[in-house]
S.K.: 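One structure is given below, represented as structure tokens, and several questions about it will come after.
Naming: A, B, ... by sequence-line order, numbering from 1 per chain.
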Amino acid sequence: MTINLPFLLFIGILVGATSGLLGSFMVIKRMSLVGDALSHVALPGIAIALTFGINPILGALIALVVATFGIWYLSEHSEVYPEALVGVFFTASLSIGLLLTPEPDLLEALFGNIDKIGFTDGILTMIGAIIIFAVTLAISKKLLLGVVSEDLAKAQKININKINLVYLLLVALVVALGVKFLGTILTGAMVIIPAATAKNLARSITSYQYLSIGAGVVASVIGILVARNFNASSGPIVILVAVAMFILSYVLKKH
Amino acid sequence: MREDSSILKVSGLNVKFDGHIILENVSFDVKRDDTLAIIGPNGAGKTVLFRAILGLIPFEGTITWAPDVKIGYVPQRLAVEKDLPLTVREFLSLKENDQRQIDNALREVGFLENASHLHNDLRVLSTSIGDLSGGEFQRVLIAYALLGNPNVLLFDEPTVGVDVAGEETVYSLIHKLQAKSDLTIIFISHELEIVYQHATTALCLNKSEICFGPPKEVVDKKALIKMYGEGITFYKHADIESIYSHHEHHTHHDH
């Protein structure tokens, strides 16, 4: 079955927009590395899904949700953020994933293959994107207050631990949506780079979030089109477009 | 309506960190409309006491707020990233949707329409919070605390990191707020002069409770020696502050 270009662009736009939205919080929460590392956990999930013939997005999602509870538990129960521990845990899961993933599927699992995105994946991506936008909208103010000061949030009786957990679960969801498009290694980058780009340019939260979503969408669309044109792998091209936009924003910021 | 005039009752409060006793058997009542000053040397547990009554940290003993309590909390300092893209308006909107309420709160802390200088003008609303000076940010935090019509305001060392001119504004503001009906103010301070001038009740703290009552009656030489040790000498009342300052002014941190 050949998948047409508008459909792929639509998926790219959804992944770019949701990554940009969630990434905007991740960057100002100073959790960029956690977000990046988290995406590696998707690999063993994909491997197990491939072995049992389940949709890889679902397999990745299950692994990510389990890991998310792990990170959340560590961050809420320790005074210092256990970065080293997070690093160890994620490299371990990447290694396990590499061993478990069947050889022919490995490259695809790591860097994505947009041509393998099917109708079911499209439906899953749409449902996921709706959930991400709706839930983020609902918790956005509390999440932002937590970025400014967790104490202020707690003094207002906001259960900031719960809000952080919900947020991390959304990140797990967006990474799962991105795995077929960008692969486990690159989805993390899609969460971070558009947001970092937006932060260079924005002067308010509203503009920051719109710019971050916009940067994600533009990188996806241009990346997919360029990859098509040159018959290249779309995942790395999309990320390189995002990186180019980041560099541009950095230069603009300096002036 | 009100059978009990206390807004806060603390009894037998103990706080421990890693087996170290930070607060031991602290008990006091705060009456409605009272202005309570919490004083004590560095490491006396003043901020810890605040954090306990706000429910931010675990404690033993009982802390009971009146059922109708609405707390506005002004933290000692917030480490906000300089380049966080969040304007003052957006920050205040995290708590209050009504723009008129936000304008009113800013007016209360001394921002005016068309002031000659930006740091007294409502134009501050479109400034990002990372660009504010220490004094401006302090006033914005007070405005934040005033949103939602609280009946208790908690100030943790309201003038730390604020220049002398700003210091005066903060205390004249506290003085102005005292005139409001049904507003209880609890503040931490290390300046005795301020405590004598503004507080109706003082709580002297050095791990345990050393004195509690009207400042001019209970904050005497004996209490000060108990808090600060025998090493300090006294000449007359007015000089106490300079001795006091010698102990406290050079350090900026508390627990």
Side-chain angles (χ1 to χ4, degrees), chain A residues 20-21 23-32 76-80 137-161 163 194-215 249-250 252-254, chain B residues 17-18 47-48 50-58 65 69-97 124-132 137 140-148 150 152-156 186 255:
Chain A
L21 176 66
S24 73
F25 294 98
M26 187 151 279
V27 167
I28 56 174
K29 274 168 86 68
R30 292 177 163 271
M31 287 177 64
S32 303
E76 303 301 338
H77 290 83
S78 140
E79 283 288 308
V80 189
L137 198 67
I139 64 168
S140 163
K141 280 190 170 187
K142 293 171 180 170
L143 206 49
L144 281 172
L145 186 57
V147 172
V148 178
S149 162
E150 295 215 339
D151 281 356
L152 269 189
K154 286 178 189 164
Q156 274 171 242
K157 304 285 168 236
I158 292 169
N159 187 343
I160 202 76
N161 293 1
I163 296 290
T197 306
K199 190 162 174 252
N200 282 337
L201 303 173
R203 286 171 189 278
S204 67
I205 278 294
T206 324
S207 64
Y208 171 57
Q209 290 181 333
Y210 281 122
L211 281 170
S212 187
I213 293 170
S249 74
Y250 188 77
L252 287 173
K253 180 196 181 185
K254 291 224 149 176
Chain B
F17 285 153
D18 296 329
T47 297
V48 169
F50 252 38
R51 294 176 63 79
I53 62 178
L54 280 165
L56 301 178
I57 52 168
W65 289 100
V69 74
K70 267 170 103 181
I71 300 171
Y73 169 48
V74 185
Q76 186 179 66
R77 55 171 64 197
L78 285 184
V80 175
E81 249 187 286
K82 268 264 164 241
D83 59 348
L84 181 71
L86 182 70
T87 64
V88 171
R89 183 189 299 281
E90 287 171 331
F91 171 58
L92 296 173
S93 302
L94 295 179
K95 196 174 181 185
E96 177 63 63
N97 289 320
V124 74
L125 278 167
S126 51
T127 313
S128 98
I129 58 172
D131 288 337
L132 299 176
F137 191 36
V140 168
L141 284 176
I142 297 172
Y144 186 88
L146 289 172
L147 291 172
V152 177
L153 280 178
L154 296 177
F155 289 91
D156 190 349
I186 305 177
H255 254 294

S.K.: At a heavy-atom separation under 4.5 Å, does A:T206 approach chain B through its side chain, its backbone, both, or neither?
M.R.: both
S.K.: Specify the closest pair of heavy atoms between B:L94 and A:K141, including all atoms of both residues, with the distance to one decimal.
M.R.: CD2-O, 3.7 Å
S.K.: Let me confirm one number: the OH-OG distance from B:Y144 to A:S149, rounded to the nearest 0.5 Å.
M.R.: 8.5 Å
S.K.: Between B:K95 and A:L145, is any pair of side-chain heavy atoms under 4.5 Å apart?
M.R.: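 A side-chain contact under 4.5 Å is absent here.
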S.K.: Keeping B:E90 on the side-chain end and A:S204 on the backbone end, is there a donor-acceptor pair under 3.5 Å?
M.R.: no
S.K.: Would you mind telling me which of A:I28, A:V147, A:V148, A:L144 has the largest number of heavy-atom pairs within less than 4.5 Å of chain B?
M.R.: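 Heavy-atom pair counts peak at A:V148.
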S.K.: Between B:L84, B:I129, B:V74, which has the largest tally of heavy atom pairs under 4.5 Å with chain A?
M.R.: B:L84
S.K.: Measure A:K142 against the heavy atoms of chain B and call it side chain, backbone, both or neither at under 4.5 Å.
M.R.: neither
S.K.: Report the option among B:I71, B:D83, B:V80 that has the most heavy-atom pairs separated by less than 4.5 Å from atoms of chain A.
M.R.: B:D83
S.K.: Using every non-hydrogen atom in the two residues, find where A:L152 and B:Y73 come nearest and quote the distance to one decimal.
M.R.: CD2-O, 3.6 Å
S.K.: Who wins among A:K157, A:E150, A:R30 for the most heavy-atom pairs under 4.5 Å with chain B?
M.R.: A:R30
S.K.: On a heavy-atom basis, which atom in B:P85 and which in A:A202 lie closest, and how many Å separate them?
M.R.: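 Looking at all heavy atoms of both residues, the closest pair is CB-O, 4.0 Å.
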S.K.: Which distance, rounded to the nearest 0.5 Å, do you find between the NZ of A:K154 and the CG of B:L54?
M.R.: 11.5 Å
